[in-house]
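Sequence lines set the chain letters: A, B, ... in the order given, protein chains first and strands last, and positions in each chain run from 1.
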Protein chains: 4
Amino acid sequence: MSEFGAAPTDRLRSFVERIERLEEEKSALAADIREVYSEAKGVGFDVKVLRQIVSLRKMDQSDRREQEELLDIYKRALDLA
Amino acid sequence: MSEFGAAPTDRLRSFVERIERLEEEKSALAADIREVYSEAKGVGFDVKVLRQIVSLRKMDQSDRREQEELLDIYKRALDLA
Amino acid sequence: MSEFGAAPTDRLRSFVERIERLEEEKSALAADIREVYSEAKGVGFDVKVLRQIVSLRKMDQSDRREQEELLDIYKRALDLA
Amino acid sequence: MSEFGAAPTDRLRSFVERIERLEEEKSALAADIREVYSEAKGVGFDVKVLRQIVSLRKMDQSDRREQEELLDIYKRALDLA
DNA sequence: GTGGGTTTGTGGCACC
DNA sequence: GGTGCCACAAACCCAC
């Protein structure tokens with residue numbers, strides 16, 4: 001069973017720890033975001049709709065238009081409009 | 001057709017922008033993480049294996065905790081806790 | 001370390017196996033569904049929009065109206081309409 | 001504002017209905033599974049622990065496979081495969 | 001462009 | 001009754 005020498009092992013450990021540290025920070029931010037949604041909900045905003053808004057604003061405008069237009073066509077075809 | 005007044009609109013915008021800012025930071029961290037993997041790859045480590053390592057180190061904790069919890073539940077169920 | 005007697009152990013095993021069997025069937029159906037989407041895509045339909053349609057049809061009509069109306073209000077407030 | 005002709009509309013409707021039928025069956029199975037858990041609970045088993053058991057039995061396979069794959073990758077990396 | 005993996009969103013569930 | 005949690009399913013993204 002081959003194995004790494006001391007130097008590669010140290011480098012490996014270093015990479016892993018850097019990643020773990022960054023992922024910890026990322027998790028903390030995710031928690032912050034959940035908290036903001038929760039706060040918004042607390043003053044009466046609808047969280048689900050809020051998420052839709054954020055998602056829409058993230059989309060390129062022309063893509064959004066296209067998507068909405070396509071949905072409309074499908075909806076009309078199925079009498080859902 | 002109802003709509004928001006000026007104050008709720010401002011609050012809404014504020015929430016949305018706070019969320020967007022946090023998500024931006026989160027995305028930046030995700031990019032950082034990708035970069036570390038890329039750097040590791042650059043010195044010869046296998047990214048996929050590296051990801052598995054990180055994942056295993058993360059799992060080892062939660063699995064053990066789960067396991068302990070499971071044991072605890074059994075013990076309590078049998079009045080041995 | 002306490003443990004179950006023979007009868008409870010059998011019952012437990014029976015429950016677990018029933019669940020596993022049902023989950024297997026559920027997975028098979030999930031695969032079927034993916035296949036239908038794939039087939040629809042193959043003849044030119046947009047899968048994402050298709051999913052939206054299915055989702056909308058699942059919603060109660062009045063709920064759907066409400067949701068859409070609410071989204072509209074938020075969109076107008078943020079000049080996304 | 002474009003829209004579908006009669007034939008594409010029929011095809012669309014057909015796809016949607018096939019999906020809805022399959023999803024109905026899937027939901028029914030999900031309900032069955034919930035019912036089995038409920039029944040198990042009714043005779044004194046702990047549902048949460050039961051879920052963990054099912055999950056562990058499922059994981060035992062995939063984890064072992066993952067583990068073997070990981071080993072394989074290492075071996076190939078070291079020209080031992 | 002396709003597949004895998006990660007992440008996000010939804011729904012059921014228990015607790016309060 | 002509602003709120004937080006957790007598990008599952010869907011969407012997204014990257015790498016190939």
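- Put simply, OH on B:Tyr37 is 18 Å from C1' on F:dC16, counting in whole angstrom units.
- Ring pair A:Tyr74/D:Phe4 is tilted by interplanar angle, where 30° to 60° counts as tilted.
- Taking 4.0 angstrom as the limit, D:Arg34 places a side-chain polar atom (N or O) nearer than this to OP1 or OP2 of E:dC13.
- Between C:Arg65 and C:Glu69 there is no salt bridge, since none of the side-chain N atoms of the basic residue sits less than 4.0 Å from a carboxylate O of the acidic one.
- In this structure, D:Gln52 places its CD atom 14 Å from C1' of F:dC5, rounding to the nearest Å.
- For F:dC12, one of the phosphate oxygens OP1 or OP2 lies less than 4.0 angstrom from a side-chain nitrogen or oxygen of C:Lys48.
- For D:Lys41, a side-chain nitrogen or oxygen approaches OP1 or OP2 of E:dA14 to under 4.0 Å.
- Contact between the side-chain N/O atoms of C:Arg51 and the OP1/OP2 oxygens of F:dA11 is found at a separation under 4.0 Å.
- A residue-by-residue look at A:Ser38 and C:Ala30 shows that A:Ser38 has its nearest nucleotide of DNA chain F further toward the 5' end.
- For A:Lys26 and E:dT7, the shortest distance from a side-chain N or O to OP1 or OP2 is below 4.0 Å.
- With respect to D:Glu25 and C:Lys26, no salt bridge is recorded, no charged nitrogen being found less than 4.0 Å from a carboxylate O.
- For the pair A:Arg51 and A:Tyr37, the cation-pi criterion (under 6.0 Å, within 45° of the ring axis) is fulfilled.
- Toward the 5′ end of DNA chain E lies the nearest nucleotide of B:Ser55, the other residue of the pair A:Ser55 and B:Ser55 mapping further downstream.
- Here the side chains of B:Lys58 and A:Glu20 are not in contact, with every heavy-atom distance at 4.5 Å or above.
- Nucleotide F:dC12 holds its P atom 12 Å from the CG atom of A:Leu56, rounded to whole Å.
- When the P atom of F:dA10 is taken as reference, atom CG of D:Leu22 falls 12 Å away, rounded to whole Å.
- Residue D:Glu23 contributes atom CD, which lies 11 Å from atom C1' of F:dA10 at whole-angstrom precision.
- Between D:Leu50 atom CG and E:dC13 atom P the separation is 14 Å, expressed in whole Å.
- Heavy atoms of A:Lys58 sit nowhere under 4.0 angstrom from any nucleic acid atom.
- Atom CD1 in D:Ile33 sits roughly 14 Å away from atom C1' in E:dG11 (whole-Å rounding).
- In this structure, CD of B:Glu69 is placed 9 Å from P of F:dC6, rounded to the nearest angstrom.
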